[in-house]
**Student:** 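Below is one structure. I have some questions about it.
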Amino acid sequence: MDWEIHLRTLSSSARDSNFSNDPSSDASLLHSVRKLIELCKNEDSDNLIARVYPQLNKIFQRSVSQSKAASSGLLLLAILQFFIDYGEFVLHDADPSLRTFFRSCLSREFADPVVAEATLDFLNVNKKKILLTFPTLLPQFYPLMLKLIAWNGEKLEKRFLRVFPGLMSPGSFLPLFISLVDLPVLIVALEKVEKSSGPLIGSSIASIQKSAAPEMLLALMDEAYTGSTIGDGGADSESEDSNSITSDPLFLELLKDENDGLAQRHWTSPGMEAALQAAISSPSDRLKQALKLAPRLLDVYFSIALHDVNQSLKCALIPMLLDRYSKLFPDKIFTYEVRKRLLNFILAAFHQSPEFVAILKKPIVDRLGEAYDSPEKTELALQLCWAIGEHGGGGVSHKDAARELFESLELLLYENLSSSRLGVGDSVLGSSSTTVRRSSQSRLLCFVVTAIAKIATHHRELLPRARVSLGKVAHSRISDARVWKRARDYLGLMNEPAICLSVLGPSGALSGSIQKPGTINWSEGKTKMIANIPFYILAGQEGPPHHDFSLMDILPGKSTSYAI
């Protein structure tokens, strides 16, 4: 029978010490393993399964112990499939075998496109069982999986995206965000390893044996975990470049294979800055792909975070987003795409849980204090001002936090009024730079003024202080006209409490509060026929209008014409 021939091949390989001491060097062995697994499925023979298992287990252990000699990834994946399918019958726990594969094989062969593709296919086929039976496996090895997709690029993106949700767990959720944002930096680190030590993996056994790069990655891991020193292999010119990698804590953190918790990443080392500048000046194809891939992975990450992650983890993520907003790989398109996603998530999280504004008042206030450090920090402060006002500093049940946030907004406003900040430094800047700077800061002040008015509308005890603040702005002429006119308009609104509550109050009833009579829930504007015609259309009209027009001009989707 066919299975007897294949079984003899397995038996011979399991006990034979030839084949360079490595079963994976036998080209016929992988074919026999696959055929036997297929026969086990087709014939459903308990006797065959029982006879195959001991031989496969011996071959697996030998291949792992000799994995330095040849590429054994495909063989180990085939055997792992047998362990997963028949582990309960043969009383074999597949969890240690899976972890051994990641540590001893995939850590050396992630750069092999064939092994990388086969690994993703294996994980997708067995995704449900792995997530249910071994839920900590993928979260533990998410750094290795990111190295796999970063090195192999967009051609494996679809396969990886199907596996990606499995990388997220309570223990990996926060450090995974950092790794995703730093995906381009991971490519820089891997390419520096390849440059200093040869190809990460070769296409033949000989080239793999000669290449020291996979061994160097393991040595870097060992240094990160134990603090031991990596040998420089001689005082040549290349060892200096290699040491620049091993001495940089960021690269050590990036090149790890397993999740060991949240670690601080340093962005100020000279080696780090020099490496990033060199990479951005002449980006490789892999780096270009990583710059496009990282934002798409962040889309999936944030979508899962909003819908499936608990409140405490979500709240803990936001300060990390605020911190990394200005610490990104220095590529213009990449920073734009990532910052857009960071802001969208922050605002969505605040909308979903307004109390986060109060809970996170300390990091929010810190970012307001950095509003003028750089254009990106100005934009972040602007969006945070909007969130503070929109959500009333966390809601009616967080009066103390709302007061502290209000005071921070006041301070930001008074800084400009007392020191004429909009004019500071203009003499040393060009006219175009001055115009851009003034426009940006005027925009920020408009948001600050609006936030002060809105938070005072939510918390009535702050109204007197808000009137004083807005009054000073309205009577000031050192600010942009848009700023003091807006302050004047809000002061007028505050004299009409009902209208002010409708315009500046919460857009919907916040948790724990009741919508007050006479106010409009603007979120229902699409479903309720209340003031469908904007007031500005009727401005200056006296008496009944004498013309017909279609509401299609105002409300898309409404086809009926009305005589007004």
**Student:** Could you please spell out the steps behind the side chain to side chain donor-acceptor pair (under 3.5 Å) verdict for Ser312 and Asn310?
**Tutor:** CA-CA 6 Å; Ser312 59; Asn310 63 53; 2.8 Å; yes

**Student:** Testing the basics here: between Gln311 and Ser353, what is the closest heavy-atom pair and its distance to 0.1 Å?
**Tutor:** NE2-OG, 2.6 Å

**Student:** So how far is it from Asp85 CG to Gln81 CD, rounded to the nearest 0.5 Å?
**Tutor:** 4.5 Å

**Student:** Output side-chain donor-acceptor pairs under 3.5 Å for residues 128-141, partner residues at least two apart or in another chain, one line each.
**Tutor:**
{"unit_1": "Lys129", "atom_1": "NZ", "unit_2": "Ile84", "atom_2": "O", "d": "2.6"}
{"unit_1": "Thr133", "atom_1": "OG1", "unit_2": "Lys129", "atom_2": "O", "d": "3.0"}
{"unit_1": "Thr136", "atom_1": "OG1", "unit_2": "Arg99", "atom_2": "NH2", "d": "2.8"}
{"unit_1": "Gln140", "atom_1": "OE1", "unit_2": "Arg99", "atom_2": "NH1", "d": "2.0"}
{"unit_1": "Gln140", "atom_1": "NE2", "unit_2": "Glu258", "atom_2": "OE1", "d": "2.6"}

**Student:** Please determine, by modelled atom types, if Ser97 and Thr100 share a side-chain donor-acceptor pair under 3.5 angstrom.
**Tutor:** no

**Student:** Would you please classify the geometry between the Phe82 ring and the Tyr53 ring as parallel, tilted or perpendicular, with 30° and 60° separating the classes?
**Tutor:** parallel

**Student:** For the residue pair Arg341 and Phe302, would you count it as a cation-pi contact if the rule is NZ or CZ under 6.0 angstrom from the ring centre and within 45 degrees of the ring axis?
**Tutor:** no

**Student:** Heavy-atom count around Glu88 CD within 6.0 Å, excluding the residue itself: above 12?
**Tutor:** no

**Student:** Looking at every heavy atom in both Cys40 and Tyr86, which two are closest together, and how far apart are they?
**Tutor:** C-OH, 3.4 Å

**Student:** Before accepting this row, confirm whether a basic side-chain N of the pair Glu337/Lys340 lies closer than 4.0 Å to the acidic partner's carboxylate O.
**Tutor:** yes

**Student:** For Lys314, look at atom NZ and say whether over 12 heavy atoms of other residues, nucleotides or ligands are found less than 6.0 Å away.
**Tutor:** yes

**Student:** Hey, does Asn57 have a side-chain heavy atom less than 4.5 Å from the side chain of Phe83?
**Tutor:** yes

**Student:** With the side chain counted from C-beta on, respond yes when Leu146 and Tyr142 share a heavy-atom pair under 4.5 Å apart, and no when they do not.
**Tutor:** yes

**Student:** Are there over 12 heavy-atom neighbours, none belonging to Tyr336, within less than 6.0 Å of that residue's OH?
**Tutor:** no

**Student:** Rounded to the nearest 0.5 Å, what separates atom OG in Ser326 from atom CD in Glu376?
**Tutor:** 6.0 Å

**Student:** Classify the ring geometry of Tyr301 against Phe173: parallel below 30°, tilted from 30° to 60°, perpendicular beyond 60°.
**Tutor:** parallel

**Student:** Can you give me the closest heavy-atom contact between Glu379 and Tyr325, atom names plus distance?
**Tutor:** CG-OH, 3.8 Å

**Student:** Measure the CD1-NZ distance between Ile187 and Lys147 for me, rounded to the nearest 0.5 Å.
**Tutor:** 11.0 Å

**Student:** If you define the side chain from C-beta out and look only at heavy atoms, does anything of Trp151 sit under 4.5 Å from Glu191?
**Tutor:** yes

**Student:** So do the side chains of Thr335 and Pro330 get within less than 4.5 Å of each other, counting heavy atoms only?
**Tutor:** no

**Student:** Which one of Lys327, Met320, Arg324 satisfies the side-chain contact (heavy atoms from CB on, under 4.5 Å) criterion with Val181?
**Tutor:** Arg324

**Student:** Would you say that His391 contacts His351 through its side chain, given a criterion of any heavy-atom pair below 4.5 Å between the two side chains?
**Tutor:** yes

**Student:** Report, one line per pair, each donor and acceptor closer than 3.5 Å where one atom sits in a side chain of residues 115-125; sequence neighbours left out.
**Tutor:**
{"unit_1": "Glu117", "atom_1": "OE2", "unit_2": "Arg159", "atom_2": "NH2", "d": "2.9"}
{"unit_1": "Thr119", "atom_1": "OG1", "unit_2": "Val115", "atom_2": "O", "d": "2.7"}
{"unit_1": "Asp121", "atom_1": "OD1", "unit_2": "Arg159", "atom_2": "NE", "d": "2.8"}
{"unit_1": "Asn124", "atom_1": "ND2", "unit_2": "Leu120", "atom_2": "O", "d": "3.0"}
{"unit_1": "Asn124", "atom_1": "ND2", "unit_2": "Arg159", "atom_2": "O", "d": "3.2"}

**Student:** Looking only at heavy atoms, what is the nearest atom pair of Ala150 and Leu183, with distance?
**Tutor:** CB-CD1, 3.8 Å

**Student:** Which heavy atom of Ser281 sits nearest to which heavy atom of Pro283, and what is that distance?
**Tutor:** C-CD, 3.7 Å

**Student:** Hey, are Glu157 and Arg296 close enough for a salt bridge, meaning a charged N less than 4.0 Å from a carboxylate O?
**Tutor:** yes

**Student:** Are the side chains of Leu360 and Pro319 in touch, meaning some heavy atoms are under 4.5 Å apart?
**Tutor:** yes

**Student:** Testing the basics here: between Gln289 and Gly153, what is the closest heavy-atom pair and its distance to 0.1 Å?
**Tutor:** OE1-CA, 3.3 Å

**Student:** So do the side chains of Leu29 and Ile59 get within less than 4.5 Å of each other, counting heavy atoms only?
**Tutor:** yes

**Student:** Please walk me through it: do Leu384 and Val357 pass side-chain contact (heavy atoms from CB on, under 4.5 Å)?
**Tutor:** CA-CA 9 Å; Leu384 291 176; Val357 176; over 6 Å; no

**Student:** Check whether any side-chain heavy atom of Phe177 sits under 4.5 Å from a side-chain heavy atom of Asp182, and report yes or no.
**Tutor:** no

